[in-house]
Colleague: 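Got a structure here, written out as structure tokens. Questions coming.
Throughout, protein chains are lettered first and strands after them, A, B, ... in sequence-line order, and every chain is numbered starting at 1.
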Amino acid sequence: MKIATWNVNSVRTRLAHVTAWLTASSADVLCLQETKVTDDLFPQAAFAEVGYRSYVYGQKSYNGVALLSRLPLDAVQMGFGAVLPESLVGDLDEQKRVITGVIAGIQVVNLYVPNGSSLDSDKYIYKLRWLKVLREYLQVLLAKSPSLLVCGDFNVALEDIDIHNPKGREKQVMATDAEREALSSVLELGLCDGFRKFTTEGGYFSWWDYRSGAFRRDAGWRIDHHYLTPDLYDRAISCVIDKEPRKLEQPSDHAPVIVEF
DNA sequence: ATGGCAGTACTATACTGA
């Protein structure tokens, strides 16, 4: 069983890359982020042609998540509001960032965590607020499902070794203490980084800025993750970043990350 | 170095991303 996460930065622009990658990788489930398309315009026919069902939760221009799966998913739910009361969710479901479904007893949660823009931004406050509600959301899911795989674009590098140059990271979005503490608090529910089961050293990245030849210089960040409950962590046999799609013409700025059981 | 690059909506330039 292979489950992958990939921020594609527009599923329509990246359609050829994604269908080719699905065929080559034979992933069972692919979690997409930044689909940037409303559900009616999601290219599900193209994915059906290569053998995948689409479960979508999108919006115009921004954000948007989707699950692609070879087999039907059970209990697909969109947004925080599917499990949390309105009083906790507030306006957070206006941005489409959360979708979950069950495959082979594994509850897969696909997340697109807000970027946060910069430390003096309202978006940074929004990101921290979002991570607080994420903790509540996952707590409810964990009470019902012992096998949870929480993956996606977290827009947080938890350790300095996840950043090509961590100098000055305290003032950089994705690496501030407040963001790290907020994500750590989520993980304290009982989730472990699947990638770190197999790779303890630094220098492994999942995102490279389009600008300044960042990919050529391997000046990246590891911000796309698979967080696993202990049973799944034990069952994982590999977790890798596939840099190949990042080398193609007109790539996403993120690479897919794949965990296998 | 406060740029640089890319996608979307719109149709020139603003907003967003990370």
Side-chain angles (χ1 to χ4, degrees), chain A residues 5-18 31-43 46 56-66 91-92 94-98 110-131 134 151-180 182-183 202-225 241 243 245-257:
Chain A
T5 178
W6 193 4
N7 179 322
V8 289
N9 187 18
S10 173
V11 69
R12 288 180 293 178
T13 296
R14 226 64 64 198
L15 187 56
H17 285 18
V18 179
C31 301
L32 298 176
Q33 303 90 35
E34 279 208 90
T35 54
K36 295 188 171 180
V37 66
T38 51
D39 295 347
D40 56 321
L41 296 176
F42 190 92
V56 299
Y57 189 47
Q59 66 183 88
K60 192 174 178 176
S61 303
Y62 304 116
N63 312 309
V65 286
D91 61 352
L92 293 184
E94 287 173 17
Q95 300 182 17
K96 310 307 182 195
R97 299 177 175 278
V98 180
N110 174 16
L111 302 176
Y112 176 43
V113 178
N115 165 273
S117 190
S118 61
L119 274 64
D120 57 357
S121 163
D122 289 344
K123 298 192 184 74
Y124 181 75
I125 306 298
Y126 182 92
K127 179 180 193 173
L128 296 175
R129 185 159 66 91
W130 197 93
L131 286 167
L134 174 63
C151 68
D153 175 1
F154 284 78
N155 274 320
V156 178
L158 267 189
E159 298 182 280
D160 287 354
I161 59 170
D162 296 323
I163 309 171
H164 71 280
N165 177 11
K167 192 164 177 283
R169 64 94 188 155
E170 294 89 347
K171 293 195 183 313
Q172 265 207 273
V173 73
M174 302 195 292
T176 63
D177 288 336
E179 288 164 90
R180 288 181 173 183
L183 180 53
Y204 290 86
F205 309 124
S206 64
W207 170 81
W208 299 261
D209 201 308
Y210 283 123
R211 298 166 290 191
S212 316
F215 186 66
R216 179 175 43 76
R217 296 184 290 114
D218 199 22
W221 293 58
R222 195 175 70 89
I223 54 176
D224 300 88
H225 307 296
I241 300 165
K243 288 172 73 170
R246 187 64 178 80
K247 300 173 183 173
L248 301 173
E249 290 291 312
Q250 288 193 288
S252 167
D253 42 355
H254 294 254
V257 187

Colleague: Would you compute the distance between atom CG of D224(A) and atom CH2 of W207(A) and round it to the nearest 0.5 angstrom?
Modeller: 10.5 Å

Colleague: If we count only N and O atoms by modelled type, under 3.5 Å, do the side chains of N9(A) and Y210(A) hold a donor and an acceptor together?
Modeller: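 N9(A) vs Y210(A): donor-acceptor pair found between side chains.
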
Colleague: Could you tell me how far dT13(B) sits from dG4(B) if I compare only their P atoms? Round to whole Å.
Modeller: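 About 16 Å, rounded to a whole number of Å.
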
Colleague: Taking Q33(A) as the fixed residue, which of N63(A), D153(A), N110(A), N155(A) is the one that meets the side chain to side chain donor-acceptor pair (under 3.5 Å) rule?
Modeller: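 By the side chain to side chain donor-acceptor pair (under 3.5 Å) criterion, Q33(A) pairs with just one of N63(A), D153(A), N110(A), N155(A): N110(A).
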
Colleague: Taking the side chain as every heavy atom from C-beta outward, state whether H17(A) and P245(A) have any atom pair closer than 4.5 Å.
Modeller: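 Sidechains of P245(A) and H17(A): no contact.
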
Colleague: Just to be sure I understand the geometry, which residues of residues 7-14 of chain A put a non-hydrogen atom under 4.0 Å away from DNA chain B?
Modeller: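 Under 4.0 Å from DNA chain B: N7(A), N9(A), S10(A), T13(A), R14(A).
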
Colleague: Does H254(A) put a side-chain nitrogen or oxygen below 4.0 Å from OP1 or OP2 of dG17(B)?
Modeller: no

Colleague: Determine the interatomic distance between C1' on dT2(B) and the same-named atom on dA18(B); round to the nearest Å.
Modeller: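 To the nearest whole Å, 14 Å.
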
Colleague: Atom CG of N115(A) to atom P of dA18(B): distance rounded to whole Å?
Modeller: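 The distance from CG of N115(A) to P of dA18(B) comes to 5 Å, rounded to the nearest Å.
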
Colleague: Check DNA chain B against residues 153-168 of chain A and give the residues with a non-hydrogen atom under 4.0 Å, in numerical order.
Modeller: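 Of all residues in residues 153-168 of chain A, the ones placing a heavy atom under 4.0 Å from DNA chain B are D153(A), N155(A).
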
Colleague: Does D91(A) CG have over 12 foreign heavy atoms under 6.0 Å away?
Modeller: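 More than 12 within 6.0 Å, yes.
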
Colleague: From C-beta outward on S61(A), which listed nucleotide comes closest to its side chain: dA18(B), dT16(B), dA9(B)?
Modeller: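 Among dA18(B), dT16(B), dA9(B), the one nearest the side chain of S61(A) is dA9(B).
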
Colleague: Quickly work out the F205(A) CZ to dA18(B) P distance and round it to whole Å.
Modeller: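 Those two atoms, CZ and P, are 17 Å apart.
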
Colleague: Base, sugar-phosphate, or nothing for E34(A), non-hydrogen atoms under 4.0 angstrom?
Modeller: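 Sugar-phosphate contact only.
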
Colleague: Using side-chain heavy atoms (C-beta onward) and a distance below 4.5 Å, is S121(A) in contact with K127(A)?
Modeller: no

Colleague: Using atom NZ of K96(A) as one end and atom C1' of dT16(B) as the other, report the distance to the nearest whole Å.
Modeller: 18 Å

Colleague: Just compare dA18(B), dT16(B), dT8(B) and give me whichever is closest to any side-chain atom of K36(A).
Modeller: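 Within the option list, the nearest is dT8(B).
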
Colleague: Just wondering, do F42(A) and V11(A) contact through their side chains at under 4.5 Å, heavy atoms?
Modeller: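 Heavy-atom side-chain distance check passes, below 4.5 Å.
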
Colleague: Kindly say if K60(A) contacts the phosphate of dT8(B), meaning a side-chain N or O under 4.0 Å from OP1 or OP2.
Modeller: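 Indeed not, no polar side-chain atom of K60(A) lies that close.
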
Colleague: Who are the side-chain contact (heavy atoms from CB on, under 4.5 Å) partners of E159(A), not counting sequence neighbours?
Modeller: I161(A), D162(A), R196(A)

Colleague: Can you tell me if Y112(A) touches the phosphate of dA18(B), counting only side-chain N or O atoms and a distance under 4.0 Å to OP1 or OP2?
Modeller: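 It does, given that an N or O in the side chain of Y112(A) lies less than 4.0 Å from OP1 or OP2 of dA18(B).
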
Colleague: Quick one: are K123(A) and P114(A) in side-chain contact, heavy atoms under 4.5 Å?
Modeller: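 They are not in contact (no side-chain heavy atoms under 4.5 Å apart), so the answer is no.
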
Colleague: Expressed as a whole number of angstroms, how long is the span from K171(A):NZ to dT2(B):C1'?
Modeller: 16 Å

Colleague: Rounding to a whole Å, what distance do you find between Q59(A):CD and dA9(B):P?
Modeller: 11 Å

Colleague: Side chains of L183(A) and L158(A), heavy atoms from C-beta outward: is any pair under 4.5 Å?
Modeller: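 Counting from C-beta outward, L183(A) and L158(A) do come under 4.5 Å.
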
Colleague: Could you give the CZ-to-C1' distance, from F42(A) to dT8(B), as a whole number of Å?
Modeller: 17 Å

Colleague: For atom C1', what is the distance between dA14(B) and dA1(B), given to the nearest Å?
Modeller: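 So the two C1' atoms sit 23 Å from each other.
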
Colleague: Tell me: CG of D253(A) to C1' of dG4(B), nearest whole Å?
Modeller: 14 Å

Colleague: 5'-most contact on DNA chain B: Y62(A) or Q250(A), nearest heavy atom basis?
Modeller: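 On the 5' side of the pair lies Q250(A).
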
Colleague: When the distance from CG of L41(A) to C1' of dT8(B) is rounded to whole Å, what number comes out?
Modeller: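 The answer, rounded to whole Å, is 13 Å.
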
